[in-house]
Amino acid sequence: MNKAAVIVAMLCLQASFTHAQKWMTRTGKVSFFSATSVENIEAFNNEAASVIDARSGDVAFIVPIKSFRFDKALMQEHFNENYMESSKYPKAEYKGRITNLSDVNFSKDGTYNVKTTGKLTMHGVTKEVPASGTIVVKSGMATVKSRFMVAPADFGIRIPAVSASKIASKIEITVDSVLKEAK
Amino acid sequence: MRQADGIHLFPDHLPMKKILIILLILVAACAGAGLYLWNKPHEKAEDRKAMVVTAMTLSGAFTESEQKANSIYLNQVLAVSGTVSEVSKNQDGKTVIVLAGSDPLSGVQCTMREDGVKAAAGDKMTIKGFCNGYTLVVLLSDCIVP
């Protein structure tokens, strides 16, 4: 039996003893919005992976940078090549923990307000980023919704003077991801 | 024509009208180039020659060394062949097909550009798309069936 098969067997065994431990998705939705008086820029991503451990409250998001879709191909190119350097840093990661886990009942339908503390790594820089949002538990699915601001400058992302008026100094990140019980 | 410190700003033999016409053409050319760049369409998978690889090899490469696999496959157009392990829709209604990988927890996740792709678990398929890297699976986006 190979290693992977052993891991799967162990996970199945664990799942049969304890109910609904892990929630996950590989097609989570994450978007961002930059608002300035010159123009608004937004981009969407449907390929974010996320795992939430209902028992420990651990939250992880992996967001592939190249999966952000812009309306304009040129903006997408600049975003990848000039700002995020996505060939060098192909993904952003958030690793955190729900601080008010006792307020959330993953086995009961409902809307729960959630706060997390955690670290966001992108463009090779790791920063503490607290976030808050909601988890909506409904018929075997948990929808994670959160909105928070991120400053590109904090992550070593330099915006040249010519573009500075068009790109906000703080970008709004929106998470809207539907996670399923991993069985 | 006026001269600045003896340097000719404009050649003496050109009348003002001609100069204006040349300037106008230059401005129009720049505006045209700018407009073209601004409205440049997104690149499509069919515009580029694909690297051919199996889902097994591809997912194996990423599970073994993500960094090394990125240097080979990231941002490339790949034609990946394998066995469908899962078909679903993402939150925006796009079809997502997973080709089985080298171990049961891994695979190649292909988000299709258009709806109406016929696929079911167990089918053998080749899917072409842009490699966006790796999360828990290898990602292929804006995919087509060649």
Side-chain angles (χ1 to χ4, degrees), chain A residues 1-12 22 24-31 39 44-51 60-78 80-81 86-93 141 143-145 175-180 182, chain B residues 33-44 47 59-60 62-63 66-67 69-76 85-98 100-113 129-143:
Chain A
M1 220 201 284
N2 64 27
K3 208 168 70 184
V6 173
I7 293 170
V8 171
M10 275 164 55
L11 282 174
C12 292
K22 292 216 167 138
M24 69 170 287
T25 180
R26 295 180 313 240
T27 53
K29 201 169 158 180
V30 174
S31 57
E39 64 180 338
F44 299 91
N45 192 327
N46 283 89
E47 294 174 353
S50 173
V51 180
F61 271 85
I62 308 173
V63 183
I65 302 300
K66 283 186 191 290
S67 300
F68 278 103
R69 295 281 297 172
F70 290 68
D71 183 30
K72 298 280 178 211
L74 189 68
M75 279 186 188
Q76 194 166 318
E77 209 174 288
H78 288 169
N80 279 295
E81 289 170 16
S86 61
S87 293
K88 207 165 150 194
Y89 311 108
K91 58 194 188 188
E93 283 187 52
M141 286 192 278
T143 305
V144 178
K145 288 191 186 198
V175 176
D176 179 6
S177 295
V178 179
L179 281 69
K180 286 188 183 134
Chain B
L35 211 65
Y36 166 76
L37 278 177
W38 180 246
N39 288 313
K40 186 170 76 161
H42 284 274
E43 200 180 17
K44 289 183 167 171
D47 297 341
S59 71
F62 273 95
T63 28
E66 191 180 338
Q67 203 181 0
N70 270 328
S71 70
I72 305 168
Y73 299 111
L74 187 68
N75 223 15
Q76 301 293 323
S85 62
E86 192 188 316
V87 182
S88 62
K89 296 256 183 203
N90 72 14
Q91 287 173 241
D92 287 338
K94 294 269 184 201
T95 304
V96 177
I97 300 173
V98 179
S102 52
D103 74 65
L105 299 174
S106 151
V108 181
Q109 176 178 296
C110 313
T111 306
M112 306 308 290
R113 187 200 301 156
F130 293 90
C131 183
N132 283 347
Y134 180 81
T135 52
L136 306 168
V137 282
V138 185
L139 299 168
L140 232 57
S141 77
D142 212 21
C143 297

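Proteins get letters first, then strands, A, B, ... in listed order; numbering begins at 1 in each.
- In this structure, chain B has heavy atoms under 4.5 Å from both the backbone and the side chain of K72(A).
- If you measure heavy-atom distances from E66(B) to chain A, the contacts under 4.5 Å come from the side chain alone.
- Note on ring orientation: taking the six-membered ring where Trp is involved, the planes of Y134(B) and F62(B) are parallel (angle under 30°, cut-offs 30° and 60°).
- Within the 4.5 angstrom heavy-atom criterion, only backbone atoms of D71(A) (N, CA, C, O) approach chain B.
- A salt bridge links R113(B) to D142(B): one of the charged nitrogens lies within less than 4.0 Å of a carboxylate oxygen.
- At a threshold of 4.5 Å between non-hydrogen side-chain atoms, the residues V175(A) and F61(A) count as touching.
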Residue pair N46(A), T27(A): steps toward the side chain to side chain donor-acceptor pair (under 3.5 Å) verdict: CA-CA 5 Å; N46(A) 283 89; T27(A) 53; over 6 Å; no
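- Using a 4.5 Å cut-off between heavy atoms, L139(B) touches chain A through its side chain atoms alone.
- Looking at Q76(A), the atoms closer than 4.5 Å to chain B (heavy atoms on both sides) all sit in the side chain, from C-beta outward.
- Proximity to chain A is limited to the side chain of N70(B), based on heavy atoms less than 4.5 angstrom apart.
- Here D176(A) is the residue among V51(A), I65(A), D176(A) with the most heavy-atom pairs under 4.5 Å with chain B.
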Audit row: S87(A), K66(A), side-chain contact (heavy atoms from CB on, under 4.5 Å) steps and yes/no: CA-CA 8 Å; S87(A) 293; K66(A) 283 186 191 290; 3.4 Å; yes
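- When each of R26(A), M24(A), K29(A) is checked for heavy-atom pairs under 4.5 Å with chain B, R26(A) comes out on top.
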